Amino acid sequence: MVYVSEVVPEEVGMSSERLKYIDAVMERAMRENVMKGMVTLVARHGKIVQKKAYGNADVDVPMREDAIFRYASMSKTIGAVALMQLFDQGLVMPSDALSDYIPEFSNGKVATEQKDGSITLEPLKRPVTVHDILTMTAGLTCTQPKITGYPTTDYCADQYRRAGIVDTMHALDITLKDVADQVSCMPLASQPGERWDYSNLSSLIAGRIVEIVTSMDLRSYLKKHILEPLEMNETDFFPLKKDWERVPAVFACGSMERLEGLDVPGTDDTGLPFAKCQKYYNIAAGLHGTITDYYKFAQMLCNQGTGINGTHILSPNAVHLMTQNHIGEQRTHLYGHGWGYMMNVQVDYNTVFNYMGNGSYGWHGYWGSVFNVWPQKDLVAIFLSQVSPVGPSWKIQERFLNVVANAVL
């Protein structure tokens, strides 16, 4: 078993007094009904200096440190690592055409806005690449409407919905192959490489590439090559029934109403961890696990690809490639940062959201969670919660991350 060590903060150059501010941030979040319960973890130089459960996991049920959370979109980064392992082996190159793996994408069309406001479909100017998929610049979008200012995005989202494509958190009776087959027939919202657009479908396609190249289903691949080597023994797409009592309920920000099933019909299912149908390996938003498990993953990235047990998961070069800003002067319309491979990269201090410092990277989960790695300080911070909608929780996440950054001596 991995020896996850905990030390006094001063032993690794952090302030115990400043880390106590985390308590105040969490208490405020609960007092203002933004959060019901949460678990936080902070580590420096591979040593945990803070780990604590706050509030309740359910009505009158205290949160526990070994709670099994819905990772939601924090699953995406794990999927990107799986694909980058194939890059290390020379099996998949970022410059490869997506159609090399899924030939149907070679016939793609792109929705294009005309001067009169109409939408027409035009040919690809160049093939969609694996790099486009990993950086979410392939032209894929989400099925749910969102404010982007691009009519072609709204058009494509509508076309996806009409085709019956579901890219949210459901236990569907489909496979990643089924998703890829559906999406390959759909128009793109922009030419490849031209525009960043957050899309769960990009992650699902990345997961499908892993399956095609390895001839393994994604769940089996992750277990054999990432989860078991890192001893992430409590991370999976579907928690075991014996562990269901450790899965927190989902609460609504503000009202603190306990949410069950679909919090909005057609969007996200709070009951995903308890699903009877377990064939859809939704790497965009479907993994579940503990904060200690996710720490082992995040620390591996901070260690340039090596786990705390010495297991080599990725090359330093692959980690470097994943954690660079690949969208130039563009900024993500969610947090105002740069974007690497399935994660945000902080490139400047901005007025939207700030991580621990420039060069830090990480990502969020729909139900109010975040992880962040600041390699220059050898620092990892993770915050897991289960609330909806995610919006009001962002400021709590930001306060937490900045308290952690300011605790470095």
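A quick note: this is a predicted structure, and the numbers were derived from the prediction, not measured. For this chain, numbers begin at 1 and follow the sequence in order.
- When each of Val213, Leu227, Leu86 is checked for a side chain to side chain contact (heavy atoms under 4.5 Å, CB included) with Tyr221, only Leu86 meets the rule.
- In this structure, the side chain of Lys47 does not engage the main chain of Glu6 through any donor-acceptor pair within 3.5 Å.
- No more than 12 heavy atoms of other residues, nucleotides or ligands sit less than 6.0 Å from atom CD of Glu329.
- Proximity of Ile165 to Leu201: side-chain heavy atoms (C-beta onward) are separated by under 4.5 Å at one or more points.
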Please assess Ser203 against Asn200 for the test side chain to side chain donor-acceptor pair (under 3.5 Å), listing each intermediate value before the final yes or no.
CA-CA 5 Å; Ser203 289; Asn200 287 338; 5.9 Å; no
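- No donor-acceptor contact under 3.5 angstrom links the side chains of Glu211 and Tyr281, judged on distance only.
- Remark: the backbone N or O of Thr270 is paired with a side-chain donor or acceptor of Arg70 at under 3.5 angstrom.
- Proximity of a side-chain donor or acceptor of Asn372 to a complementary backbone N or O of Tyr361 within less than 3.5 Å is detected.
- Note: Tyr355 and His364 meet the aromatic proximity criterion, with ring centroids under 6.0 Å apart.
- The main-chain N or O of Gly286 is found under 3.5 Å from a side-chain atom of His288 such that the two form a donor-acceptor pair.
- Atoms CG and OG1, from Leu230 and Thr235 in turn, are 9.5 Å apart once rounded to the nearest 0.5 Å.
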Apply side chain to side chain contact (heavy atoms under 4.5 Å, CB included) to Met38 and Ser369, showing your working.
CA-CA 9 Å; Met38 61 287 277; Ser369 301; over 6 Å; no
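- You'll find the side chain of Phe400 reaches within 4.5 Å of the side chain of Met26, heavy atoms only.
- Without hydrogens or angle criteria, Ser75 side chain to Tyr71 main chain gives no donor-acceptor distance under 3.5 Å.
- Distance alone, capped at 3.5 Å, is enough to place a donor-acceptor pair between the Glu398 side chain and the Asn354 backbone.
- A salt bridge links Asp66 with Arg64: the distance from a Lys NZ or Arg NE/NH1/NH2 to an Asp or Glu carboxylate oxygen falls below 4.0 Å.
- A distance below 6.0 Å separates the ring centres of Trp394 and Tyr335.
- Residues in residues 96-108 take part in no salt bridge (Lys or Arg N to Asp or Glu O under 4.0 Å) pair, two or more places apart or across chains.
- With respect to Asp217 and Lys279, no salt bridge is recorded, no charged nitrogen being found less than 4.0 Å from a carboxylate O.
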Under the salt bridge (Lys or Arg N to Asp or Glu O under 4.0 Å) rule, what do Glu32 and Arg28 come out as? Steps first, then yes or no, please.
CA-CA 6 Å; Glu32 296 178 350; Arg28 175 181 176 180; 3.1 Å; yes
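- Between Arg331 and Asp348 there is a salt bridge, since at least one side-chain N of the basic residue sits less than 4.0 Å from a carboxylate O of the acidic one.
- Of the possible polar contacts, one joining the Gln397 side chain to the Gly368 backbone as a donor-acceptor pair under 3.5 Å is found.
- Between the side chain of Asn325 and the backbone N or O of Trp339 there is at least one donor-acceptor pair closer than 3.5 Å.
- Between the side chain of Arg126 and the backbone N or O of Pro192 there is at least one donor-acceptor pair closer than 3.5 Å.
- For the salt bridge (charged side-chain N to carboxylate O under 4.0 Å, His left out) test, no residue two or more places apart in sequence or in another chain qualifies with Lys276.
- Under a 4.0 Å N-O distance rule, the pair Asp23/Lys20 does not qualify as a salt bridge.
- Side-chain polar atoms of Thr129 and Asp132 form a donor-acceptor pair below 3.5 angstrom.
- In this structure, a donor-acceptor pair under 3.5 Å is present between the side chains of Thr292 and Lys51.
- With hydrogens and angles left out, the side-chain atoms of Asn309 and Thr311 include a donor and acceptor closer than 3.5 Å.
- A donor-acceptor contact under 3.5 angstrom links the side chains of Tyr198 and Ser73, judged on distance only.
- Checking side-chain atoms of Arg399 against main-chain N and O of Val25 turns up no donor-acceptor pair under 3.5 Å.
- One side chain, His170 or Thr168, offers a donor N or O that lies under 3.5 Å from an acceptor on the other.
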